[in-house]
Amino acid sequence: MEKPESFAIYLRIPAWAGPGTQLAVNGKGTSAALKPGTFVPVRQSWKNGDRIEFIVDRPVRLSSVDPQHPNLVAVLHGPLTLFALGDVPADLTRTQLLATEQRGVDEWQMPTSGQGLKMVPYPAIKKETYRLYLPVKT
């Protein structure tokens, strides 16, 4: 820009964003409320070299198939839906599924009493048997 200009930049806070979502301008955190499912305006006089840092927290969460089947759930990590590969243990709990951790670019691992349950987003599935909705104990 030839000279500083005042205007607002609106950033969308995804509905799935977690409490660790952060926003900073030129290295300084903002006091803006980062409410999931809304837009947050970043107003200031902008000049060349200004920088916005926006980190969206992507928590693991569960989504039931429908209200009639609350114990049949999909595992989501931010905007990604994760698919379980191979055999699925029959005694899964919500706590176990929520403990799923990212282990690589396209790999998540849910700890179980056995070897663990590998989960991946749909594009990473090759020729494995996979499952989207998983039964959980109440």
Side-chain angles (χ1 to χ4, degrees):
M1 296 188 295
E2 291 182 18
K3 62 180 183 165
E5 300 234 5
S6 294
F7 55 90
I9 295 175
Y10 287 80
L11 298 174
R12 180 180 164 272
I13 311 299
W16 47 260
T21 298
Q22 301 172 15
L23 175 62
V25 177
N26 296 325
K28 295 181 183 176
T30 67
S31 61
L34 304 178
K35 182 180 173 189
T38 65
F39 285 84
V40 62
V42 181
R43 289 185 175 89
Q44 74 172 46
S45 180
W46 298 95
K47 61 188 178 314
N48 287 339
D50 283 342
R51 181 179 171 156
I52 295 175
E53 297 170 61
F54 184 41
I55 300 169
V56 182
D57 182 24
R58 299 177 301 160
V60 172
R61 65 192 193 289
L62 305 178
S63 179
S64 63
V65 67
D66 59 29
Q68 292 77 29
H69 302 91
N71 295 323
L72 193 56
V73 300
V75 179
L76 298 100
H77 181 254
L80 293 176
T81 303
L82 302 177
F83 291 76
L85 299 182
D87 295 330
V88 175
D91 59 347
L92 291 175
T93 66
R94 291 177 188 277
T95 302
Q96 284 175 311
L97 290 175
L98 290 170
T100 299
E101 296 178 340
Q102 191 167 1
R103 298 290 171 99
V105 174
D106 280 335
E107 184 179 330
W108 283 255
Q109 188 79 24
M110 184 208 70
T112 63
S113 57
Q115 191 173 350
L117 183 62
K118 182 177 175 181
M119 304 189 86
V120 299
Y122 186 75
I125 297 171
K126 303 296 182 222
K127 294 184 179 184
E128 303 97 342
T129 301
Y130 61 89
R131 186 165 181 178
L132 172 58
Y133 287 101
L134 306 170
V136 292
K137 296 188 324 188
T138 55

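Listed here is the closest heavy atom pair of Y130 and L85: CB-CD2, 3.9 Å. Contact detail for W46 and F7: the closest heavy-atom pair is NE1-O, 3.0 Å. Across all non-hydrogen atoms, the minimal contact from F83 to L132 is CE2-CB, 3.6 Å. The two residues L23 and V42 have their closest heavy-atom pair at CD2-CG2, 3.8 Å. Listed here is the closest heavy atom pair of P59 and G18: CD-N, 3.6 Å.
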Verdict with reasoning, I52 to L11, per side chain to side chain contact (heavy atoms under 4.5 Å, CB included): CA-CA 10 Å; I52 295 175; L11 298 174; 4.0 Å; yes

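At a threshold of 4.5 Å between non-hydrogen side-chain atoms, the residues N26 and Q44 count as touching. Using a 4.5 Å cut-off on side-chain heavy atoms (C-beta onward), P121 and L82 make contact. Residues R58 and P79 are in side-chain contact: their nearest non-hydrogen atoms beyond the backbone lie under 4.5 Å apart.
Checked by atom type and distance alone, the side chain of N71 never pairs as donor or acceptor with a backbone atom of P135 at under 3.5 Å.
With sequence neighbours left out, the salt bridge (Lys or Arg N to Asp or Glu O under 4.0 Å) criterion links K47 to D50. When the salt bridge (Lys or Arg N to Asp or Glu O under 4.0 Å) test is applied to E107, the partners found at least two apart in sequence or on another chain are K118. For E53, there are no salt bridge (Lys or Arg N to Asp or Glu O under 4.0 Å) partners two or more places apart in sequence or in a different chain. With sequence neighbours excluded, the residues that form a side-chain contact (heavy atoms from CB on, under 4.5 Å) with L62 are V73, V75, R94, L97, L98. For the salt bridge (Lys or Arg N to Asp or Glu O under 4.0 Å) test, no residue two or more places apart in sequence or in another chain qualifies with R43. By the side-chain contact (heavy atoms from CB on, under 4.5 Å) test, A32 is found to be paired with T30, V40, residues two or more places apart in sequence or in another chain being considered.
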